[in-house]
Amino acid sequence: MAPVARGLADLYRVVEPFQRGSGGERLTVATHVADLHEVIGFYAGPAHPALLGASWGAMLALAYASHWSRPSTTRRTAKP
């Protein structure tokens with residue numbers, strides 16, 4: 001993903017959050033979505049983020065978008 005991030009860095013603020021350690025706590029997808037929401041809120045503020053990822057990162061981006069997006073602000077990236 002680094003080449004994609006470098007390509008986007010001229011136009012966007014790029015943030016690469018890392019998955020936190022569990023410290024013995026059970027981590028769920030909902031926990032990771034909440035963590036990502038905090039990171040986005042800190043770095044993006046009121047701006048709408050552009051999320052991308054591969055493998056787990058793509059699944060997390062989709063879970064985040066599913067939970068936090070509003071229909072009027074969601075853009076499609078593929079034709080139905």
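Computed from heavy atoms alone, side chains included, the values below leave out hydrogens, waters and symmetry copies.
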Other members of the hydrophobic cluster containing Val15, with the 4.5 Å side-chain heavy-atom rule, please.
Val39, Phe42, Tyr43

Tell me every residue that passes side-chain hydrogen bond (donor to acceptor under 3.5 Å, both in side chains) with Ser22, counting only those two or more places apart in sequence or in another chain.
none

I would like to know whether Arg20 and Glu25 meet salt bridge (charged side-chain N to carboxylate O under 4.0 Å, His left out); could you show each step before the answer?
CA-CA 11 Å; Arg20 69 179 168 107; Glu25 174 186 356; 3.4 Å; yes

Shortest non-hydrogen contact from Met1 toward Ala54
SD-CB, 3.7 Å

State plainly whether one hydrophobic cluster holds both Trp68 and Leu62, where clusters connect Ile, Leu, Val, Met, Phe, Trp and Tyr through side-chain heavy atoms under 4.5 angstrom apart.
no

From Leu52 atom CG to Leu8 atom CG, the distance as rounded to the nearest 0.5 Å
6.0 Å

Salt bridge (Lys or Arg N to Asp or Glu O under 4.0 Å): which pairs involve residues 43-54, sequence neighbours left out?
none

Can you sort out the partners of Val29 under side chain to side chain contact (heavy atoms under 4.5 Å, CB included), two or more places apart, ordered by chain and number?
Val33, Trp56, Met59, Ala63

Contact summary for Gly53 and Ala58, nearest pair of heavy atoms
O-CB, 3.3 Å

Taking salt bridge (charged side-chain N to carboxylate O under 4.0 Å, His left out) as the definition, give me every residue that meets it alongside Glu16, ordered by chain and number, with sequence neighbours left out.
none

So do Asp35 and Pro17 actually touch side chain to side chain, heavy atoms under 4.5 Å?
no

If I take atom CD from residue Gln19 and atom CG from residue Leu60, how far apart are they, to the nearest 0.5 angstrom?
8.5 Å

Residue set satisfying side-chain hydrogen bond (donor to acceptor under 3.5 Å, both in side chains) with His37, at least two apart, ordered chain then number -> Tyr64

